[in-house]
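The block underneath contains the structure these notes are about, expressed in C-alpha cells.
Being a predicted model, the structure only gives us computed values, none of them experimental.
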Amino acid sequence: EELASDPHHQDREIVIVSDCMESLPFSRPNTLFVRGPILEQETYLRARVNDARMAIVLATSYSDLNSDAVVASAVAVIDSLKPDVHIVAECLNPKHRMLFATVHCDAIVSSLSISGNLLVQEVHDPGVAQMIEVITSNVRGTTLFSTAVEENDLPHSYHHLATELLHHDVNLMSVNRGDESHTSFKDLVPAPGDRLIYAASRRLSWSQLKGMVGVEMDDSSYREANES
C-alpha cells in the first residue's frame with residue numbers, strides 16, 4: 001500500500017519474490033508473486049527484473065542469524081542482471097554492513113537499529129513516534145521526500161532556503177552530502193550531488209524548490225500549486 005500510494009509509482013506493477021510461501025496471503029491490483037530460490041538468476045528473470053526500476057530486499061527473518069549474508073547475496077544476483085536498478089536492502093546487524101561493501105547496493109536500512117532508537121526516543125520525548133509514523137507514510141498527511149541538487153546555481157545558503165521553503169509548507173529537514181547528514185544549515189551552501197530531505201505534500205524538483213525562494217504564497221495560491 002505504501003509503494004502504490006506514491007503518485008510516481010501507483011500504476012506500476014509490484015512483484016514479490018519469495019521461497020518461503022506458496023502464494024501471497026492477500027490480493028491487490030498490480031501485485032504479482034514469483035516463488036523460487038532467491039539466490040538464483042532464473043527466479044528474478046521470471047519476475048521480469050529487467051523491467052524493474054527499483055528493488056527492496058528484505059531480511060529473511062528477524063531470528064535468522066544468516067539473514068544479512070543472504071540479503072547481500074540476493075543483491076549481488078539482482079545487480080548482475082540489472083545493474084541500473086535502484087536497490088535498497090534491509091540489514092539486521094550493523095556489524096554486518098561490510099557484507100554489502102562488495103556488492104552494488106544503493107542504500108542499506110538498519111531496521112532494528114532504527115526501531116530501537118525510536119523506542120528510546122519516545123520514552124524520553126513522547127509524541128516523536130507519532131510524528132515519525134506520519135511523515136514516513138505515503139498514506140497519511142505530509143510525508144518525506146528527497147531531491148538531488150543538480151547544480152550550484154542558488155546564491156543562498158541552505159539556512160536561507162529552509163526559511164523560504166517554510167512559506168510554502170515545505171520543511172527542509174536534512175541535507176545529505178556523501179555519508180554525512182546535515183540537520184544544521186548555517187553556512188552550508190548548495191553543492192551538486194547534495195540530496196535534500198524535506199517534509200511536504202508532494203515531491204518537488206530542484207528547480208521547483210529554487211523557484212520558491214523569495215516568493216510569498218497565500219493559502220489559496222499554495223492549494224492551487226499543490227493541485228497543479
Side-chain angles (χ1 to χ4, degrees), residues 2 6 8 53-59 68 71-72 75-76 79 83-122 124-125 127-129 131-138 142-200 202-213:
E2 288 289 342
D6 189 303
H8 288 187
R53 284 187 55 192
M54 61 187 68
I56 301 175
V57 185
L58 300 174
D68 293 336
V71 169
V75 169
D79 180 61
D84 61 342
V85 69
H86 186 83
I87 305 176
V88 177
E90 182 178 22
C91 179
L92 300 184
N93 189 337
K95 294 181 179 179
H96 293 166
R97 292 180 70 92
M98 48 78 180
L99 292 172
F100 298 88
T102 57
V103 299
H104 175 71
C105 190
D106 296 281
I108 303 169
V109 177
S110 300
S111 54
L112 293 183
S113 296
I114 293 174
S115 61
N117 293 345
L118 185 56
L119 286 168
V120 174
Q121 192 75 40
E122 180 66 20
H124 294 310
D125 298 286
V128 170
M131 184 273 292
I132 293 297
E133 183 178 354
V134 171
I135 66 172
T136 56
S137 172
N138 288 315
T142 297
T143 191
L144 291 176
F145 296 102
S146 73
T147 294
V149 175
E150 299 166 358
E151 52 187 338
N152 185 12
D153 54 352
L154 186 68
H156 303 289
S157 68
Y158 279 126
H159 184 274
H160 180 80
L161 175 64
T163 302
E164 292 291 308
L165 291 180
L166 286 175
H167 296 305
H168 303 264
D169 273 357
V170 177
N171 189 351
L172 181 61
M173 304 187 72
S174 174
V175 175
N176 290 356
R177 179 172 292 173
D179 294 331
E180 290 190 59
S181 293
H182 299 271
T183 54
S184 178
F185 310 130
K186 185 178 181 181
D187 300 326
L188 188 66
V189 297
D194 288 351
R195 183 158 287 274
L196 311 186
I197 313 299
Y198 54 93
R202 63 188 176 111
R203 184 178 286 106
L204 299 159
S205 67
W206 173 235
S207 295
Q208 289 173 312
L209 291 170
K210 290 187 302 179
M212 293 179 177
V213 175

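For the side-chain contact (heavy atoms from CB on, under 4.5 Å) with L161, the qualifying choice from V213, V170, L188, V175 is V213, the only one to do so. Just one of T163, D187, L165, V149 meets the side-chain contact (heavy atoms from CB on, under 4.5 Å) condition when paired with Y158; it is V149.
Put simply, the side chain of L204 reaches to within 4.5 Å of the side chain of M212, judged on heavy atoms. Side-chain contact between E90 and V71 is absent, with no heavy-atom pair separated by less than 4.5 Å. Between V134 and T142 there is no side-chain heavy-atom pair separated by less than 4.5 Å. Considering only heavy atoms from C-beta on, V103 stays 4.5 Å or farther from I87 through its side chain.
For the residue pair M173 and L144, the shortest heavy atom distance occurs at SD-CD2, 3.5 Å. Nearest heavy atoms, I108 versus R97: CG2-NH1, 3.8 Å. Of all heavy-atom pairs between P190 and H156, the closest is CD-O, 3.1 Å. Considering every non-hydrogen atom in both Y198 and L172, the closest pair reads CB-CA, 4.0 Å. Nearest heavy atoms, V85 versus A55: CG2-N, 4.0 Å. For C105 against F100, the heavy-atom pair with the smallest separation is SG-CD2, 4.4 Å.
Note that CG of D169 and CZ of R202 are 11.5 Å apart. Values are rounded to the nearest 0.5 Å. The CG atom of N117 sits 11.0 Å away from atom CG of L112, with the distance rounded to the nearest 0.5 Å. To the nearest 0.5 Å, the span separating CZ on R195 from OG on S181 amounts to 12.0 Å. With rounding to the nearest 0.5 angstrom, the CG atom of N176 is 10.0 Å from the OG1 atom of T183. Expressed to the nearest 0.5 Å, how far CE of M131 lies from CD of Q121 amounts to 9.0 Å. Rounded to the nearest 0.5 angstrom, H159 NE2 and E164 CD are separated by 11.5 Å.
T136 contributes a side-chain N or O that, together with a main-chain N or O of I132, makes up a donor-acceptor pair within less than 3.5 Å. N93 places no side-chain N or O within 3.5 Å of a backbone atom of D68 that could act as its donor or acceptor partner. With hydrogens and angles disregarded, no donor-acceptor distance shorter than 3.5 Å links the side chain of D194 to the backbone of R177. T143 contributes a side-chain N or O that, together with a main-chain N or O of S137, makes up a donor-acceptor pair within less than 3.5 Å.
Within 6.0 Å of NE2 in H160 there are more than 12 heavy atoms belonging to other residues, nucleotides or ligands. Counting heavy atoms of neighbouring residues, nucleotides and ligands inside a 6.0 Å radius, atom CG of L118 exceeds 12 of them.
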